[in-house]
Amino acid sequence: MKIFLDTADIEEIRTAASWGILEGVTTNPSLYAKAGGGSYESILTEICKITPGPVSAEVVAEDVEGMLKEGRAFAKLASNIYVKVPMSEPGLQAMARFKAEGIKTNCTLIFSANQGLLAAKAGASLISPFVGRLDDINQDGMTVIRELAEIFAIHDLKAEVLAASMRHPLHVTQAALAGAHIATIPLKVLKQMVRHPLTDSGIATFRADWEKARRA
Ligand code: E4P
C-alpha cells in the first residue's frame, strides 16, 4: 500500500518526504484553506516539486465545462498532477473527457462501492472512498475499501483504491488489510504511527544502560 500525505501544508510535506516514505499528496479546498490559502497554483507547483508521485488538485466547479477548465489549468502545472473531481453526473462526464485528453484523475467523495465502480469505468485512475466520514455517521467506512479492492481485482480494473479520511493509525492498518492500494494520511496520524510506548521506553533503557556501562 502506497502512502500519500493528506495536506496542502508545504512544511508537512517536506517532513514526510524527509522520512523517505512519501509517495504522493492529496489536497482539497478545506486543506488548502487550513494551510493558509494564497495562490493554489503556486502551492501545487511547490508540492509537485517535493513529491515523488501523484499530487491531487481538486476542482470546485460543479459543471462539466468548469471542471474541465480548472483541471486543464492544474494539469499544466506539473506532470504529476492528478485532477480531483467529485462524484456526480457532471463529474463522471468530466473524468471521461480528462481520460480522453490524457489527464489523470482522482474521483473524490466516494461513499459506496457502486460510486467507485462508476468512477473507475469513467476513467478515473484513483478512487477515493472517505472512511472516516462514513464512520462518523455510524456506517463502516472500511467496508467500501474492501468491496472496491475486491471488485477491481475480480474484474481486473486498473483504477487504484485510495483510502481517504483516515482519522487514526488503526484506519491505516485496516485499509492495508482491506486491500487499499493507497492510503492518504494526515501528518498527525503518520506521527502517531511512528510511536509506540515500548519503543520510547526501550530507547530510554538502552541509553541509561549504555551510560551506566561507560561509567563502570
Ligand atoms: C483526501 O483526498 C480527502 O479529501 C480527505 O482525506 C478527507 O478527509 P476528512 O474527511 O478528514 O476531511
Side-chain angles (χ1 to χ4, degrees), residues 1-35 40 43-44 46-48 50-60 71 74 78 80-87 91 95 104-113 115-116 119-120 124-136 140-149 152 158-194:
M1 184 176 78
K2 283 172 272 192
I3 291 181
F4 285 13
L5 196 64
D6 200 18
T7 188
D9 185 308
I10 303 282
E11 285 315 309
E12 290 191 355
I13 294 164
R14 284 193 210 287
T15 299
S18 75
W19 294 355
I21 51 92
L22 184 70
E23 294 173 288
V25 167
T26 50
T27 70
N28 67 32
S30 304
L31 293 170
Y32 160 64
K34 194 174 160 201
Y40 191 33
I43 293 168
L44 287 170
E46 188 61 23
I47 294 175
C48 286
I50 306 167
T51 307
V55 173
S56 293
E58 186 159 344
V59 299
V60 289
F74 291 149
N80 50 338
I81 285 278
Y82 280 52
V83 178
K84 209 172 179 194
V85 179
M87 182 63 191
M95 287 186 285
K104 296 259 186 12
T105 55
N106 170 359
C107 187
T108 190
L109 291 166
I110 294 288
F111 294 97
S112 73
Q115 287 182 317
S125 300
L126 307 178
I127 310 297
S128 295
F130 279 31
V131 174
R133 292 194 197 186
L134 279 168
D135 288 358
D136 287 344
D140 180 18
M142 213 51 75
T143 299
V144 182
I145 302 292
R146 193 171 298 104
E147 288 176 349
L148 277 172
F152 290 1
K158 299 295 172 227
E160 293 183 284
V161 180
L162 191 165
S165 194
M166 301 273 97
R167 301 281 173 75
H168 48 70
L170 195 53
H171 270 158
V172 181
T173 309
Q174 289 170 338
L177 287 169
H181 303 97
I182 304 162
T184 190
I185 307 168
L187 187 65
K188 176 179 168 250
V189 176
L190 268 186
K191 288 190 172 199
Q192 289 172 322
M193 288 165 64
V194 173

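We use all heavy atoms of the structure for the numbers below, so side chains are in, but hydrogens, waters and symmetry mates are not. No experiment lies behind these values; they were computed from the predicted model shown.
Exactly one residue among T108, T7, D6 makes a side chain to side chain donor-acceptor pair (under 3.5 Å) with T26. That residue is D6. When T27, N28, N106 are each tested for a side chain to side chain donor-acceptor pair (under 3.5 Å) with S56, only one passes: N106.
Using a 30° and 60° split on the angle between ring planes, F74 and Y40 fall in the perpendicular class, above 60°.
E160 CD to I182 CD1: the interatomic distance, rounded to the nearest 0.5 Å, is 4.0 Å. Distance check: I110 CD1 to I127 CD1 gives 6.0 Å after rounding to the nearest 0.5 Å. Once rounded to the nearest 0.5 Å, the distance linking CG of L170 with CE of M142 reads 7.5 Å. In this structure, the separation between OG1 on T173 and CE on M166 is 10.0 Å, given to the nearest 0.5 Å. Remark: I47 CD1 to I13 CD1 distance equals 3.5 Å, nearest 0.5 Å. Atom CG in L148 sits 9.5 Å away from atom CD in Q115 (nearest 0.5 Å).
Contact annotation: the side chain of K188 never approaches that of R167 to less than 4.5 Å [non-hydrogen atoms, C-beta and beyond]. Here the side chains of D9 and K34 are not in contact, with every heavy-atom distance at 4.5 Å or above. Inter-residue side-chain proximity for L22 and T51 is flagged as met; some heavy-atom pair is nearer than 4.5 Å. In this structure, the side chains of H171 and I185 stay at 4.5 Å or more apart for every pair of heavy atoms. Using a 4.5 Å cut-off on side-chain heavy atoms (C-beta onward), V189 and P169 make contact. Counting only heavy atoms from C-beta outward, the side chains of W19 and K191 approach each other to under 4.5 Å. Within the 4.5 Å cutoff, the side chain of D140 has no heavy atoms near those of the L134 side chain. Considering only heavy atoms from C-beta on, K104 stays 4.5 Å or farther from P54 through its side chain.
Between R14 and E46, at least one side-chain nitrogen of the basic residue sits less than 4.0 Å from a carboxylate oxygen of the acidic one, meeting the salt-bridge criterion.
In terms of heavy-atom proximity, V85 sits nearest to V59 at CA-CG2, 4.2 Å. Across all their heavy atoms, L126 and F4 have their closest contact at CD1-CE2, 4.3 Å. Minimum interatomic distance between A159 and A124 (heavy atoms only, all atoms of both residues): CB-O, 3.5 Å. The minimum heavy-atom distance between V161 and A149, with the atom names listed, is CG2-N, 3.9 Å. Between M1 and A175 the shortest heavy-atom distance is SD-C, 4.0 Å. Summarising the geometry of E12 relative to L5, their closest heavy-atom pair is O-CD2, 3.4 Å, with the distance given to 0.1 Å.
E23 contributes a side-chain N or O that, together with a main-chain N or O of I3, makes up a donor-acceptor pair within less than 3.5 Å. Looking only at distances, no side-chain donor or acceptor of N80 sits under 3.5 Å from a matching main-chain atom of V55.
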*Audit row: L190, I21, side chain to side chain contact (heavy atoms under 4.5 Å, CB included) steps and yes/no*: CA-CA 10 Å; L190 268 186; I21 51 92; 3.8 Å; yes
*Starting from the C-alpha separation in whole Å, work towards a yes-or-no answer on side chain to side chain contact (heavy atoms under 4.5 Å, CB included) for E58 and L31.*
CA-CA 11 Å; E58 186 159 344; L31 293 170; over 6 Å; no
